[in-house]
Amino acid sequence: MADAKDPSNAAIADLLDELGDLYELDGAVVHRVLAYRNGAKAVREAPRAVAAMVRAGTVTELPGIGATLEEKLQALLTTGSIPALEKLRGKLPAGLLQITRLPGLGPKRARKLHDALGVDGPVALRDAIAAHRVRELPGFGAKSEERLLAALDAAGDDLAGPERHRLDRALQVGEALVAALREVPGVDRVELAGSARRRADTVKDLDVIATAEDPAALLAAFRSSDLIADVERGGEAGAHGTTQTGIGVDLRVVAPDQFGNLLQHFTGSKAHNVAIREAAVKRGLHVSEYGILDDATGESERFAREEDVYARLGLPWIPPELREDRGELRLTEVPRLVEPGDLRGDLHMHTTASDGTASVREMALAARDRGLEYVAITDHSASHGFGNAVSADRLRELIAEVRAVDDELDGITVLAGSEVNIGTDGALDYPDELLVELDWVVASVHTAFTSDPTRRIVAACEHPLVDVIGHPTGRKLGQRTGYELDLDRVVEAARGSGTFLEINGSPARRDLHDVHARAARDAGVLLCIDSDAHRTETLENTLWGVMTARRAWLTAQDVANTRPWPELRALRKGGR
DNA sequence: GCCGTTTTCGGCCCGACTGTTTTCAGTCG
């Protein structure tokens with residue numbers, strides 16, 4: 001088990017990334033730098049607390065963590081710092097790392113600016129450009145000064161990395177754009193690639209791959225689309241633009257016979273492609289976006305279909321959601337991942353009784369229209385603090401209302417539930433004799449995020465009347481990272497008690513996220529995919545939950561609410 | 001720095017673009 005003061009996986013991964021960046025600035029060979037970045041990825045995606053693995057001496061089981069990185073992590077845990085990192089930080093100013101985020105300025109050239117001109121950050125760089133000292137350096141010229149100045153002006157004060165966009169917002173415009181381009185006469189195929197196709201939580205930009213008998217018509221349609229605000233550059237082979245909503249779009253037009261190669265390449269992830277290519281080299285094959293070169297024949301093969309690219313490499317077609325280099329290349333057969341149509345029920349939603357906008361009846365009807373067999377009405381509990389608090393007396397009325405709607409409506413079972421707050425003491429804010437009246441109990445943390453959420457959630461798991469933990473980590477994409485949670489202990493508590501864990505489908509949450517949901521499943525925990533709908537329209541949020549579940553390698557069997565309600569009811573803890 | 005049905009040492013994905021260069025290193029995706 002992790003110590004309360006241990007750094008999180010994310011914090012450890014950030015340190016390894018920083019080490020890689022600093023070693024790169026220091027002129028280390030590229031593969032050593034890559035080793036730190038691979039190590040950072042392994043730590044960031046590790047399902048268990050890496051600090052605990054370091055203490056247990058098992059951290060080298062992670063792919064990419066060897067003896068040297070283990071030693072550095074041991075130092076981090078025993079002394080609180082990594083000596084090599086401290087030394088490099090003393091040698092290379094933080095501002096130097098910042099300016100490498102400027103487009104066109106990498107570690108080599110940044111280091112040259114530092115060593116020759118004393119540039120230690122964006123301010124010093126701007127001064128050096130103003131004095132025309134940069135153009136005097138070998139490898140730099142007037143054009144370099146011009147471009148760097150423009151980049152400094154565009155970057156703003158903090159030189160932060162590129163903004164990332166939530167998947168729902170990216171897909172909304174991305175799918176509309178793809179649909180519009182498919183309608184253009186002379187256009188053959190158009191597909192969304194990149195992290196949007198992999199259904200990642202967030203995307204940096206949109207990649208669109210197309211084939212067309214008439215590429216000019218396609219490009220003209222792209223330029224004039226009312227979804228696109230402006231097109232920065234473009235030729236015959238593609239264009240780069242920005243949507244009205246501020247998301248960059250790369251459009252590539254390719255020959256039909258290599259559409260499969262391009263789609264595979266631009267779907268990524270980068271780590272997936274690197275792993276594919278490394279494995280291919282061992283078989284005498286060289287994979288690129290243009291084809292697969294066979295050493296034996298010297299011939300390069302192109303494929304119109306992505307399935308054939310994978311087949312040529314001896315692999316089954318791998319669903320995009322799995323392409324993260326998390327073991328998918330060892331699959332000989334791809335599991336049938338859960339699909340939206342597999343969900344029979346939705347066990348987390350709100351009505352006007354708390355902070356929703358629709359009645360019990362309206363929510364039930366909308367769910368029935370969506371093809372669901374059952375729903376649980378789970379308004380917030382007595383101490384929620386947002387919208388209407390549902391007192392114990394009010395909940396009794398609400399249960400009666402739910403029973404009445406359930407009696408009235410055919411074709412859908414309406415269950416009485418609640419989303420109960422987990423207090424700072426780990427207790428729930430309704431008495432047990434009321435909770436036992438409910439068909440379904442979601443328990444969630446909504447307050448005091450820093451007040452030992454692990455202990456509180458474990459306590460909720462051990463409560464005999466709690467069915468599922470709602471949005472277990474509390475993260476909100478682009479807003480907050482979630483509570484400092486020991487997921488190992490939560491998963492163990494859920495497994496031991498028979499509590500389900502939620503994949504909350506709100507596109508701002510998608511919580512649990514994919515890595516943790518996969519770890520929970522592997523530990524033997526059943527997941528619930530819920531909408532957390534506050535309006536009838538957001539019942540469709542389960543779609544985002546399914547995307548996360550697929551990225552977690554989940555099958556329908558791994559998801560509790562793919563079962564008919566009588567079967568799921570019997571699976572609850574204690575068979576209550 | 002990691003890793004092993006080619007290896008415990010010698011490898012470690014692929015290609016395009018850019019600006020500065022007369023053949024390429026650095027950067028990017």
Side-chain angles (χ1 to χ4, degrees), chain A residues 16-17 19-43 59-73 82 84 99-113 134-148 150-151 161-162 193-195 203-207 209 233-235 237-238 240 248-252 254 258 261-262 264-293 295 300 309 313-314 325 329-330:
Chain A
L16 293 181
D17 269 329
L19 262 173
D21 290 342
L22 289 172
Y23 274 127
E24 189 173 38
L25 271 173
D26 202 36
V29 294
V30 56
H31 297 110
R32 186 159 163 239
V33 175
L34 213 55
Y36 279 91
R37 296 197 174 135
N38 285 338
K41 177 182 187 288
V43 168
V59 75
T60 54
E61 288 172 10
L62 292 175
I65 304 287
T68 305
L69 264 61
E70 179 182 39
E71 193 183 315
K72 286 182 160 65
L73 295 183
I82 301 172
I99 62 171
T100 63
R101 301 199 188 109
L102 294 169
L105 191 61
K108 293 284 198 310
R109 281 153 56 87
R111 186 62 194 272
K112 208 179 271 188
L113 291 169
V134 171
R135 66 177 63 180
E136 294 162 4
L137 294 180
F140 290 83
K143 199 103 178 204
S144 297
E145 285 190 346
E146 196 181 307
R147 284 167 56 97
L148 284 172
S195 46
V203 310
K204 184 165 68 68
D205 51 26
L206 293 165
D207 291 291
I209 311 291
R233 56 179 187 274
H240 186 272
V249 185
D250 248 331
L251 171 66
R252 279 164 222 273
V254 306
Q258 58 185 187
N261 300 91
L262 259 290
Q264 193 285 321
H265 173 80
F266 282 103
T267 297
S269 64
K270 181 173 179 173
H272 173 83
N273 285 351
V274 168
I276 273 194
R277 290 166 178 191
E278 284 175 350
V281 166
K282 290 174 183 163
R283 307 177 50 167
L285 300 172
H286 303 272
V287 182
S288 81
E289 58 263 56
Y290 303 109
I292 298 177
L293 174 67
D295 281 341
S300 192
V309 175
L313 299 170
D325 191 25
L329 298 187
R330 292 191 294 274

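Within every chain, numbering begins at 1; the chains are lettered A, B, ... in the order of the sequence lines, protein sequences first and strands thereafter.
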C1' atom, dC2(B) versus dT7(B): distance in rounded Å?
13 Å
Distance between C1' atoms of dG15(B) and dT8(B) (Å, rounded):
33 Å
What is the distance from CD of Glu145(A) to C1' of dG19(B), rounded to the nearest Å?
13 Å
Leu262(A) to Tyr290(A) - nearest heavy-atom pair and separation
CD2-CD2, 4.5 Å
Between the protein and nucleotides 27-29 of chain B, list every N/O to N/O distance that falls short of 3.5 Å.
unit_1, atom_1, unit_2, atom_2, d
dT27(B), OP1, Gly106(A), N, 2.7
dT27(B), OP1, Gly106(A), O, 3.0
dT27(B), OP1, Arg109(A), N, 3.0
dT27(B), OP2, Lys108(A), N, 3.2
dT27(B), O5', Gly106(A), N, 3.4
dC28(B), OP1, Leu102(A), O, 3.4
dC28(B), OP1, Gly104(A), N, 2.8

How far apart are the closest heavy atoms of Asp207(A) and Gly194(A), and which atoms are they?
OD2-CA, 3.8 Å
Which comes earlier along DNA chain B counting from the 5' end, the contact point of Val274(A) or that of Lys112(A), where each point is its nearest nucleotide?
Val274(A)
dT8(B) - base-pair partner by Watson-Crick or wobble geometry, distances under 3.5 Å:
none
By the 4.0 Å heavy-atom rule, please label Val287(A) as base, sugar-phosphate, or nothing.
sugar-phosphate
Pairs: protein N or O with nucleotides 23-25 of chain B N or O, under 3.5 Å:
none

For nucleotides dT6(B) and dC12(B), find the distance between their P atoms and express it as a whole number of Å.
14 Å
Run the salt bridge (charged side-chain N to carboxylate O under 4.0 Å, His left out) test against Asp26(A) and tell me which residues pass, sequence neighbours left out.
Lys91(A), Arg111(A)
Salt bridge (charged side-chain N to carboxylate O under 4.0 Å, His left out) partners for Glu70(A), two or more places apart:
none
So if I define the base as every atom that isn't primed, P, OP1 or OP2, how would nucleotides 1-6 of chain B read as a B/S/- string at a heavy-atom cutoff under 4.0 Å?
BSS--B
Atom C1', compared across dT21(B) and dA25(B): separation rounded to whole Å:
10 Å
Between dG29(B) and dC13(B), how many Å separate the two C1' atoms, rounded to a whole number?
13 Å
Euclidean distance for P, dT20(B) against dA16(B) (whole angstrom):
22 Å
Give the table of side-chain donor-acceptor pairs shorter than 3.5 Å for residues 34-42 of chain A, with sequence neighbours excluded, one pair per line with atom names and distance.
unit_1, atom_1, unit_2, atom_2, d
Tyr36(A), OH, Lys72(A), NZ, 3.4
Arg37(A), NH2, Asp21(A), OD1, 2.7
Arg37(A), NH2, Glu24(A), OE1, 2.8
Lys41(A), NZ, Glu45(A), OE1, 3.0
Lys41(A), NZ, Glu324(A), O, 2.9

